[in-house]
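Here is the naming used below: chain letters follow the sequence lines, and residue numbers restart at 1 for every chain. Side chains included, hydrogens not; waters and symmetry mates left out as well; all remaining heavy atoms used. Predicted model, so just to flag it, every value in this text is computed and none were measured.
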Amino acid sequence: MSSEQRPILSVRDLKTYFFLDEGTVKAVDGVSFDVYPGQVVGIVGESGCGKSVTVRSVLRIVEKPGRIVAGEIFFRPRKGNGRLLEGSQDGYVDLARLDAQGREMRAIRGAEIALIPQEPMAAFSPVHTIGDQIMETILLHQAVNEEEARRLGIERLREVGIPNPEQRMEAYSWELSGGLRQRAMIAMALSCHPTLLIADEPTTAIDVTTQAQVLNLLRSLQQQHNMSIIFITHDLGVIAQIAEYVLVMYLGRLMETGPVVDIFHHPLHPYTRALLKSIPSVYTRSRTFLPTIEGSIPHPFNRPPGCPFHPRCSQFTAGICDQKTPLLQPVNEQQSVSCFLYHRRAEED
Amino acid sequence: MVLGPDAATRISPAHEAPLKIDDQASEIMIAPSEGAEAFYVAPNWKLVWWRFKKHRLALVSSVILMFIAIVALAPGFFSTQDPNATNAKELFIPIQTLHFFDEGRLRPFVYAVVGQRNPKTLRMEWQIDQSKKIPLRFFARGYEYKILGLITTRIHLLGPASPEEGERIHLLGTDRLGRDQWSRLMHGSQVSLSIGLLAVFLSIILGILLGGISGYFGGTVDLIIQRLIEILQSLPPIPIWMALTAALPRDWSVERVYFAITVILSLIGWTTLAREVRGRFLALREEDFVVAARLSGCSQGRIIFRHMLPTFASHIIAASTLAIPVMIINETFLSFLGLGLRPPAISWGVLLQEAQNLQSIVLAPWLLLPGLAVIITVLALNLLGDGLRDAADPYH
Amino acid sequence: MKHTTRDERTLLEVKHLKKHFPIRKGFLRRLVGQVKAVDGVSFYINEGETLGLVGESGCGKTTTARCILRALDPTAGQILFRTASGQVVDLATLPENELRPLRREMQMIFQDPFASLNPRMNLLDIVGEPLLVIEGIKSRKERAERVAEILRLVGLRPEYMQRFPHAFSGGQRQRIVIARALALHPRLVVADEPVSALDVSVQAQVLNLMMELQQRLNLTYLFVAHDLSVVKHICNRVAVMYVGKLVETAPTDELFYHPKHPYTEALMSAVPVADPRIRSAMIPLEGDVPSPANPPPGCYFHPRCRYAVDICSQEAPNLEEIEDNHFVACHRAHELKLRGIGG
């Protein structure tokens with residue numbers, strides 16, 4: 001198999017728990033997925049579904065009292081990053097085994113895997129210029145001098161469509177508008193040509209016209225650099241516009257995975273189906289009642305036993321769904337679903 | 001379903017009819033257990049208490065403070081001697097360690113001390129005489145005192161079993177006038193704590209009044225009060241206190257000086273609290289639930305007293321708790337410099353005055369012990385304040 | 001003074017509403033400028049209808065909503081409201097004591113269901129407060145009965161009455177907010193982004209509830225939102241705001257399928273469609289929204305408008321009714337052929 005067909009990231013049965021005084025929150029509870037080179041994977045889910053914690057686990061930036069308790073995060077670094085691969089036979093490192101603050105992880109974070117956070121205002125330091133911060137990232141990961149780093153920084157700013165990049169290098173983040181700030185954030189994330197870009201709700205805090213600009217930009221950059229992107233959002237519209245492959249999460253587990261067209265046009269899991277039906281769209285007839293999902297997302301301490309969605313599911317079977325937790329299983333050539341309507345495989349214990 | 005222009009036609013007809021709203025349509029809470037229901041109906045103070053309970057240090061501090069408060073309420077009961085009684089024959093007696101158990105039985109005693117004048121320095125030197133035990137008893141009879149100025153009694157928590165034979169004990173030694181330091185420390189706590197409390201109380205009244213006016217009305221009033229606070233805060237406090245206290249007439253009674261000091265301390269202290277109150281008022285005025293109350297037709301009074309005050313009451317309590325130790329320190333400091341309370345008043349600051357020179361520290365290091373009392377009290381109050389502050393807003 | 005509205009069906013008519021916030025600086029807080037958050041907005045709402053007010057953050061839609069309910073005092077303009085007795089009053093100039101009896105006729109639903117409920121009051125006190133202060137129902141028992149009725153109306157169990165807001169999820173809290181707003185059977189309800197803080201799966205519940213209650217109680221909604229899908233779904237007519245001014249007002253389908261203002265067109269094309277097969281060609285809108293403290297001359301949209309001509313940078317266009325019920329503020333409204341959704 002050529003390396004192009006092998007995933008760049010392969011997450012296996014990842015479990016990240018938060019240990020609080022009140023109890024344990026299983027924020028991510030057995031999640032497995034692959035990201036292939038040049039692929040845009042969208043993770044969609046509502047609050048508390050664990051989508052953010054999943055990518056934070058990949059980046060190894062889960063805050064205390066959270067901890068990865070099980071699972072593997074196999075990542076395939078670039079060939080040049082050889083030292084990382086000592087002892088590895090197939091070219092993968094297990095990020096879950098690395099020291100979160102260690103040298104290996106720091107060599108990957110920012111350089112090989114970069115993050116675009118939700119709030120660019122919080123991600124930039126207000127006391128350093130945009131240029132300084134971009135140059136710092138470049139100098140940290142690339143063997144270049146300051147002059148060269150500056151040139152690269154200006155190039156990145158120009159690439160993301162910031163007007164007058166030379167002047168913007170001297171600007172502070174709070175001097176920029178929301179849209180420009182998010183662009184600068186993208187420039188910083190791209191400064192070391194990462195192979196995997198993680199975008200954590202990058203358009204949630206900005207307006208719809210600016211969101212369109214940012215989505216267009218990400219799409220074109222992805223094609224130019226042939227990057228892989230993991231795109232997190234709760235907005236199904238955004239997912240439909242940008243993702244190739246979609247993971248639907250609910251309460252720390254994957255409900256359904258598949259190519260974007262199948263997920264939207266041929267959803268299988270009752271949650272995916274209900275979610276798609278319940279969102280209003282500009283194409284639905286005005287002033288009609290929307291089909292709804294009953295109830296609300298349970299509090300993480302009150303996680304129901306069995307399938308996490310069963311208390312709100314219209315097709316739940318008593319005695320099965322509330323007792324056993326279904327595994328994510330392929331049900332056709334494209335899609336995998338964790339639901340007993342399609343298979344019988346349950347988590348053992 | 002939402003896909004494409006034709007999707008609308010696919011919405012099932014059942015949903016075009018008005019939805020019947022009943023409990024099924026409402027959001028179902030997952031199995032509310034007994035404990036959960038208690039949490040759901042818990043008013044604010046309960047949530048604050050539950051949060052506060054988790055703060056171990058604050059909890060321990062509040063127990064310690066409770067003891068200190070009891071002592072401050074009835075210092076005479078815990079004393080063993082009249083705190084103002086001088087005794088020229090018992091100068092600088094060292095600490096007499098308290099022993100609770102004698103030969104395995106609960107029978108408190110101290111060893112007697114015997115004095116011998118050093119022929120060279122002509123100074124009295126005290127030795128513990130291990131052969132002579134002075135038996136003690138609980139609820140012993142001693143000198144007459146009043147509890148809170150009301151109840152006259154002679155009962156003390158601990159005292160020599162046979163005082164009539166002239167036996168006396170000095171648990172923390174004596175000072176240069178032969179006064180019993182333990183008893184003086186007990187009495188000092190009353191003045192030091194109450195000055196802190198009273199000064200903070202006055203500050204709160206001033207702070208809430210002026211901060212509230214400033215925050216609620218805004219405009220010119222706010223401008224004037226804020227500038228006044230800025231000017232007051234920019235004055236160096238120590239020279240101001242010194243000037244003010246120096247201006248107090250020498251012939252004022254102990255009580256009048258006490259109140260004057262309290263007022264002086266709170267005159268500076270209110271500014272911080274006023275700022276706190278104003279800030280909360282400004283923030284709260286814009287809060288959605290306050291706007292909602294206004295739109296529901298609530299009067300100004302109702303908005304302030306039903307919605308705004310309860311919301312920041314817990315913050316004010318926390319801020320005040322943190323202000324008390326500052327006041328205690330200030331009083332101690334003023335009295336230590338001789339500018340605050342003056343003998344015969346007893347406060348921790350006045351006691352520390354005795355330890356002002358090197359000679360007494362070297363010869364009678366126990367005279368520094370009131371400092372320890374100040375440290376423990378201030379630390380406990382700070383930790384309690386921290387705990388209260390963290391618990392003040394239990395709704396994240 | 002006697003006021004008249006557009007016609008008998010008009011419940012609310014806003015005329016040339018302005019709200020300017022002073023910018024003050026320095027030790028003595030001198031006035032150095034003004035943020036024209038709302039700058040001459042006019043629209044009307046008929047009884048029983050839902051008017052959507054859309055725009056991007058900072059466009060002044062929330063300020064407009066708050067001025068109408070006099071949560072803020074407007075700088076200028078008229079807010080004409082037809083009371084239950086048929087009389088037309090100008091809310092903009094009414095003193096607080098005359099406003100208070102009218103509060104029962106107009107209520108508000110807030111965006112953040114966590115901030116808009118006093119955490120120190122239980123449901124009985126929250127929902128019962130308007131009953132106490134406006135209707136003057138002193139008996140707690142009587143209030144409890146009324147509150148139970150209202151809670152049932154919004155789909156909450158009356159048994160929850162003793163609970164505090166922290167016991168409820170976001171969607172349930174929004175039901176409580178709606179219950180409080182409906183306690184006095186208002187005629188006008190101003191909803192400021194009522195579903196944007198809710199989870200996707202809960203939004204539909206609240207939207208359905210609002211529509212259901214509208215039918216049952218003959219409510220009139222002013223629905224402020226930034227999410228065009230939601231607005232399209234719930235509104236009869238839509239008004240689009242940009243930097244403190246209205247740019248277009250039209251019946252919902254008319255506006256979405258035949259927009260007449262370039263900003264509306266750009267806004268529509270930017271909405272991500274939940275269909276991967278339609279990867280829409282978004283009309284790129286260059287640049288950023290100007291600051292309402294320092295707007296450009298002429299039409300505020302001209303620096304970003306791809307149809308702009310000379311006059312656009314010189315003269316501000318007026319909001320004109322170019323077709324029945326379709327108001328547009330654009331110099332080129334008659335000649336432009338713009339693309340709506342699906343177009």
Side-chain angles (χ1 to χ4, degrees), chain B residues 1-8 15 17-29 32 36-37 39-47 219-220 222-223 226-227 230 286-300 302-303 306-311 313-314 393-396, chain C residues 27-29 66 69-71 100-101 103-104 106-108 110-112 114-122 126 129-130 133-134 152-157 160 162-169 171-172 175 177 180-181 183-184 202 205 208-209 211-212 215-216 229 273-275 277-278 341-342:
Chain B
M1 265 306 177
V2 281
L3 322 161
D6 62 331
H15 287 291
L19 272 190
K20 198 179 163 299
I21 295 192
D22 55 21
D23 283 348
Q24 283 305 301
S26 78
E27 297 176 36
I28 304 149
M29 301 297 290
E37 189 57 35
F39 172 72
Y40 295 151
V41 299
N44 174 256
W45 65 265
K46 255 190 197 164
L47 294 176
T220 319
D222 181 33
L223 193 78
Q226 287 317 301
R227 296 300 94 87
E230 274 155 25
E286 305 299 321
E287 278 282 335
D288 278 351
F289 73 83
V290 174
V291 175
R294 224 168 84 222
L295 297 185
S296 297
C298 292
S299 61
Q300 282 207 354
R302 190 179 164 85
I303 290 173
R306 187 80 174 86
H307 291 277
M308 293 172 90
L309 269 181
T311 305
S314 44
D393 192 3
Y395 309 102
H396 300 301
Chain C
F27 188 74
L28 291 172
R29 323 292 302 147
R66 294 201 168 208
L69 291 184
R70 284 287 299 278
R100 197 164 295 152
R103 292 265 181 232
R104 68 162 70 205
M106 39 184 202
Q107 280 296 319
M108 182 149 180
F110 295 82
Q111 172 175 11
D112 181 357
F114 289 85
S116 59
L117 296 172
N118 187 342
R120 284 162 182 77
M121 288 163 81
N122 62 19
I126 289 172
E129 184 162 58
V133 298
I134 291 196
R152 261 192 293 266
L153 187 71
V154 299
L156 288 169
R157 298 184 197 189
Y160 293 164
Q162 300 298 329
R163 291 189 180 177
F164 286 80
H166 64 254
F168 299 95
S169 67
Q172 287 171 317
R175 285 173 196 266
V177 175
R180 173 179 58 196
L184 298 172
V202 180
Q205 295 174 3
N208 283 350
L209 176 68
M211 286 192 283
E212 147 87 13
Q215 285 178 5
R216 247 196 226 192
S229 315
V273 183
D275 185 345
R277 286 182 192 154
I278 309 174
I341 53 166

Residues Arg70(C), Arg294(B); criterion side-chain contact (heavy atoms from CB on, under 4.5 Å); working and verdict: CA-CA 10 Å; Arg70(C) 284 287 299 278; Arg294(B) 224 168 84 222; over 6 Å; no
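- Using a 4.5 Å cut-off between heavy atoms, Asn122(C) does not touch chain B at all.
- Contacts with chain C were tallied for Ser299(B), Pro310(B), Ala293(B), Ala42(B); Ala42(B) has the most, counting heavy-atom pairs under 4.5 Å.
- If you tally non-hydrogen atom pairs under 4.5 Å between each of Pro130(C), Ser229(C), Pro119(C) and chain B, the highest count goes to Pro119(C).
- In this structure, the separation between CZ on Arg120(C) and CH2 on Trp45(B) is 14.5 Å, given to the nearest 0.5 Å.
- Heavy atoms closer than 4.5 Å to chain B are found in the side chain of Arg100(C), but not in its backbone.
- The nearest pair of heavy atoms linking Ala115(C) to Asp288(B) is O-CB, 3.6 Å.
- When all heavy atoms of Arg180(C) and Ser296(B) are compared, the pair lying nearest together is CD-OG, 4.1 Å.
- Across Val133(C), Asn118(C), Leu117(C), the residue that shares the most heavy-atom pairs under 4.5 angstrom with chain B is Asn118(C).
- With a 4.5 Å cut-off on non-hydrogen atoms, Thr220(B) does not touch chain C at all.
- For chain B, the nearby part of Arg66(C) is the side chain; its heavy atoms alone come within less than 4.5 Å.
- For Arg302(B), the side chain to side chain donor-acceptor pair (under 3.5 Å) partners at least two apart in sequence or on another chain are Glu129(C).
- In this structure the side chain of Leu47(B) never reaches within 4.5 angstrom of the side chain of Phe164(C), judged on heavy atoms.
- The candidate from Gln162(C), Met108(C), Met211(C), His166(C) with the greatest count of non-hydrogen atom pairs under 4.5 Å with chain B is His166(C).
- Contact detail for Ala292(B) and Ser116(C): the closest heavy-atom pair is CB-O, 4.3 Å.
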